[in-house]
Amino acid sequence: SAVISQKPSRDICQRGTSLTIQCQVDSQVTMMFWYRQQPGQSLTLIATANQGSEATYESGFVIDKFPISRPNLTFSTLTVSNMSPEDSSIYLCSVKGEWGTGELFFGEGSRLTVL
Amino acid sequence: AQSVTQPDIHITVSEGASLELRCNYSYGATPYLFWYVQSPGQGLQLLLKYFSGDTLVQGIKGFEAEFKRSQSSFNLRKPSVHWSDAAEYFCAVGGWNTDKLIFGTGTRLQVFP
């Protein structure tokens with residue numbers, strides 16, 4: 001399985017600021033996925049990041065709020081813009097397994113608290 | 001609509017006892033099914049998966065799960081729970097024609113000595 005590193009692991013942010021989360025994978029992957037896990041909730045897919053094209057956002061998520069970069073096949077960033085307390089969540093980066101059986105592998109997540 | 005239901009929000013068991021976590025799914029095509037575990041402050045770790053073949057699948061850490069198509073279920077089992085199994089468990093469903101996984105709301109497992 002791929003090794004996925006995320007930074008920061010946690011942060012406390014002020015309302016109205018923005019924070020960029022970095023995700024590094026130890027192998028080249030076509031797609032990277034960003035999920036959000038709100039407190040006590042399950043995981044919700046924010047967007048799919050493809051190298052060389054615009055990210056594809058799920059319903060309820062927009063590029064202005066969650067801009068994503070994908071400069072190469074091993075790296076992606078997710079920015080949470082103009083944060084409010086409702087953005088306090090764990091943000092998880094993930095990639096598909098290489099066996100074509102649909103599983104995802106996850107980084108350890110970035111826990112954001114917005115005051 | 002595609003969905004995953006984990007009916008048990010919180011389960012408490014004694015160390016050494018057997019465990020079964022329930023998962024029901026709704027999916028329009030042949031499902032790929034997964035169980036993940038999330039320890040406090042950690043990301044998600046894949047325990048096991050089903051995509052075809054034998055409906056009883058073995059995973060890591062002594063876990064197994066059984067796919068029952070007639071019941072749209074994929075319950076997770078372990079014969080003897082260890083204190084280190086205390087964590088949040090998520091069931092998820094996907095398919096051959098999609099990159100997305102749909103997750104259940106999770107079951108929090110507490111283990112008493």
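Each chain gets a letter, A, B and so on, in the order its sequence line appears, and its residues count up from 1.
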Chain A interface, residue from G104(B), G95(B), G94(B) that has the most non-hydrogen pairs under 4.5 Å: G104(B)

Heavy-atom donor-acceptor pair, T105(B) side chain to S42(A) backbone, under 3.5 Å: no

Interface moiety of L44(B) toward chain A, non-hydrogen atoms closer than 4.5 Å: both

Path from F105(A) to Y91(A) over hydrophobic side-chain contacts below 4.5 Å: no

Heavy atoms of other groups near I9(B) CD1, more than 12 under 6.0 Å: no

same_hphob_cluster(F33(A), Y57(A)) at 4.5 Å side-chain heavy-atom cutoff: no

Structural part of F51(B) lying under 4.5 Å from a heavy atom of chain A: side chain

Option among F34(B), Y36(B), F90(B) that satisfies the ring pair (Phe, Tyr, Trp, His ring centres under 6.0 Å) test with F106(A): Y36(B)

Side chain / backbone / both / neither for L92(A) at chain B, heavy atoms under 4.5 Å: side chain

Contact class of Q6(B) relative to chain A, heavy atoms under 4.5 angstrom: neither

K65(A), NZ atom: more than 12 neighbouring heavy atoms under 6.0 Å: yes

Chain B contacts, top residue of R111(A), Q6(A), E58(A), R10(A) (heavy-atom pairs, under 4.5 Å): E58(A)

Flag if over 12 foreign heavy atoms under 6.0 Å of CD, Q42(B): yes

Those residues that, when tested against E20(B), pass side-chain hydrogen bond (donor to acceptor under 3.5 Å, both in side chains) (two or more places apart): N75(B)

By side-chain contact (heavy atoms from CB on, under 4.5 Å) - contacts of F67(B) (at least two apart): Y25(B), P31(B), L33(B), Y50(B), T55(B), R69(B), F74(B)

Heavy-atom contact with chain B under 4.5 Å, split by part of Q37(A): side chain

Side chain to side chain contact (heavy atoms under 4.5 Å, CB included), paired with L104(A), selected from L101(B), L46(B), D99(B): L101(B)

